[in-house]
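Report on one structure; see the data block that follows.
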Amino acid sequence: MKNKKIVYYHGCFVNYFDHKTGDSTFAVLEQNGFEVQMPELVCCGYPLLNSGGIGKVRKNAKKLTDTLAGFVSQGYEIVYTCPTCGHSLKEVFPELLQNEAAAQVAARASLISEFLLELRKAGELNLEFAGKKRNIVYHVPCHLRALSNPSVSADLLSILPGAEVYCHNRGCCGMGGTWALKSKTQSDLSGKIGGPVFEKIKELKPQLLSTDCAG
C-alpha cells in the first residue's frame with residue numbers, strides 16, 4: 001500500500017467504554033507500519049436517528065464527513081471498528097447528505113477486519129502473531145451482515161495460530177442499538193429475539209466469544 005496513513009474512527013463505545021479495542025487497533029496498525037490519526041470526531045448519531053432526530057443527525061453527519069473528507073484528500077484511508085458506525089459512514093450519510101464529502105468518505109472507509117484481510121491478500125500483513133490453541137465463537141452483528149461479507153472478522157481470526165473459529169450467524173442479538181433499553185416491554189422482547197443466539201453460544205461452549213458488535 002503506497003500511502004500508509006490511517007484515520008481511525010473510534011466511535012462512542014470505544015471512546016467512552018472500551019478503550020482496549022482502540023488501543024489494540026492502534027497497536028496492530030502501527031505494527032504494520034501505518035501512521036494512525038485519531039482526531040476529535042463527533043458521534044455518528046445513529047441512536048438519534050433511531051429516535052427520529054434526523055435534523056441533529058444531519059448536522060453531525062456533515063461535521064463528521066467534512067472532517068474525514070479533509071483527511072481523504074490527503075491520502076488517508078478510514079478504518080472503523082463498530083459496524084453501526086460503518087453503516088452510518090457508508091450507507092446512511094451518503095443518502096442523508098447527497099454531497100461529495102459523504103461519497104468520498106463512504107468509498108474510503110472500511111472495517112478493521114476487511115482492511116487487515118486486504119493487507120494479507122496483498123502480502124503486506126505482519127503475521128508475527130503469538131500462538132495459543134483456543135476455540136473461538138464469533139457472533140455476526142446485524143449491521144455487518146448488511147454491509148459486508150458476514151464472515152470477514154471470523155476469517156481474520158482464523159489467521160491466528162491455534163485458533164479454531166466458528167462463525168455464529170444465527171441472527172440478531174436483540175439489542176437493536178438503544179432500543180432494548182427503552183422499556184421493560186422492549187427489554188423482554190429483546191431477550192426473546194436474542195434467545196437463539198445465546199442458546200447456541202451455550203451449546204458451543206467456546207473458550208472465547210468474539211464480535212464486532214458493542215451492544
Side-chain angles (χ1 to χ4, degrees), residues 1 5-26 28-29 34 36-50 54 57-58 60-72 76-121 138-157 167-169 171-173 175-179 210-215:
M1 184 172 288
K5 301 192 292 186
I6 294 286
V7 173
Y8 173 39
Y9 182 50
H10 46 81
C12 294
F13 198 82
V14 165
N15 197 29
Y16 294 108
F17 301 105
D18 183 22
H19 304 316
K20 286 185 178 179
T21 291
D23 292 342
S24 297
T25 299
F26 259 79
V28 169
L29 290 170
F34 287 90
V36 187
Q37 297 286 341
M38 195 174 75
E40 189 172 338
L41 298 168
V42 297
C43 172
C44 71
Y46 202 85
L48 270 173
L49 187 66
N50 277 347
I54 295 176
V57 174
R58 187 176 280 110
N60 274 23
K62 187 173 188 319
K63 184 175 182 180
L64 180 55
T65 52
D66 283 350
T67 301
L68 290 173
F71 282 94
V72 168
Y76 282 78
E77 300 292 329
I78 302 162
V79 162
Y80 56 87
T81 45
C82 172
T84 299
C85 291
H87 176 61
S88 297
L89 294 177
K90 296 184 76 66
E91 294 189 349
V92 175
F93 293 171
E95 185 176 339
L96 192 64
L97 298 175
Q98 300 280 320
N99 66 17
E100 184 61 25
Q104 288 176 353
V105 168
R108 296 288 280 276
S110 56
L111 182 71
I112 183 68
S113 302
E114 293 174 312
F115 186 80
L116 295 175
L117 281 177
E118 284 299 315
L119 282 185
R120 187 194 184 207
K121 192 185 295 183
Y138 172 76
H139 168 68
V140 181
C142 295
H143 276 146
L144 178 57
R145 193 182 300 115
L147 270 177
S148 177
N149 170 9
S151 71
V152 62
S153 291
D155 292 344
L156 182 67
L157 287 171
C167 187
H168 179 25
N169 193 9
C172 179
C173 69
M175 191 66 180
T178 57
W179 176 83
S210 178
T211 183
D212 295 287
C213 177

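Reckoned from all heavy atoms, side chains included, excluding hydrogens, waters and symmetry mates.
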- [ ] For D23, check salt bridge (Lys or Arg N to Asp or Glu O under 4.0 Å) against everything at least two apart and list the hits.
- [x] none
Task: Those residues that, when tested against Y46, pass ring pair (Phe, Tyr, Trp, His ring centres under 6.0 Å) (two or more places apart) - done: H87, H143
TODO: Would you indicate whether the side-chain heavy atoms of L68 and L41 approach each other to under 4.5 Å?
DONE: yes
TODO: Compare every heavy atom of L157 with every heavy atom of S210, then report the nearest pair and how far apart it is.
DONE: OG-CD1, 3.7 Å
TODO: Ignoring hydrogens and angles, tell me if any N or O in the side chain of T65 forms a donor-acceptor pair with the backbone of A102 under 3.5 Å.
DONE: no
Open item on the list: Which heavy atom of P39 sits nearest to which heavy atom of H10, and what is that distance?
Closed with: O-NE2, 4.1 Å
TODO: Please identify each residue that fulfils side chain to side chain donor-acceptor pair (under 3.5 Å) with N149, with sequence neighbours left out.
DONE: S151
- [ ] Please identify each residue that fulfils side chain to side chain contact (heavy atoms under 4.5 Å, CB included) with T21, with sequence neighbours left out.
- [x] Y8, V14, D18, T25, T81
- [ ] Just jot down the side chain to side chain donor-acceptor pair (under 3.5 Å) partners of S153, sequence neighbours excluded, or say none.
- [x] S113, D212
- [ ] With sequence neighbours excluded, tell me which residues meet side chain to side chain contact (heavy atoms under 4.5 Å, CB included) with S24.
- [x] none
Task: Flag side-chain contact, heavy atom, 4.5 Å: E77 against F34 - done: no
Task: T211 versus P141, closest heavy-atom pair with distance - done: OG1-CG, 3.7 Å
- [ ] Would you please indicate yes or no on a ring centroid separation below 6.0 angstrom for Y9 and F71?
- [x] no
TODO: With sequence neighbours excluded, tell me which residues meet ring pair (Phe, Tyr, Trp, His ring centres under 6.0 Å) with F17.
DONE: F13
Open item on the list: With heavy-atom distances below 4.5 Å as the criterion, would you say the side chains of I112 and L29 are in contact?
Closed with: yes
Task: Set of residues satisfying side chain to side chain contact (heavy atoms under 4.5 Å, CB included) with respect to A61, sequence neighbours excluded - done: F93, L96, L97
Task: Over 12 foreign heavy atoms within 6.0 Å of CD, E95 - done: no
Open item on the list: So, taking the atom named OG in S110 and the one named NZ in K90, what distance separates them when rounded to the nearest 0.5 Å?
Closed with: 7.0 Å
Task: Partner residues of K20 under the side chain to side chain donor-acceptor pair (under 3.5 Å) criterion, sequence neighbours left out - done: none
Open item on the list: Nearest 0.5 angstrom please: Y138 OH to D155 CG, how far?
Closed with: 10.0 Å
Task: Test salt bridge (Lys or Arg N to Asp or Glu O under 4.0 Å) applied to E100 - qualifying residues, sequence neighbours left out - done: none
Task: A106: side chain to side chain contact (heavy atoms under 4.5 Å, CB included) partners, not counting sequence neighbours - done: P94
Open item on the list: How long is the straight-line distance from OG1 of T67 back to NZ of K63, given to the nearest 0.5 Å?
Closed with: 7.0 Å
Task: All pairs passing salt bridge (charged side-chain N to carboxylate O under 4.0 Å, His left out) where residues 110-120 contributes a residue, at least two apart - done: E118-K121
- [ ] Could you tell me the separation between the CE atom of M38 and the CD1 atom of I6, rounded to the nearest 0.5 Å?
- [x] 14.0 Å
TODO: Measure the shortest side-chain to side-chain distance between L89 and C44 over non-hydrogen atoms and say whether it is less than 4.5 angstrom.
DONE: no
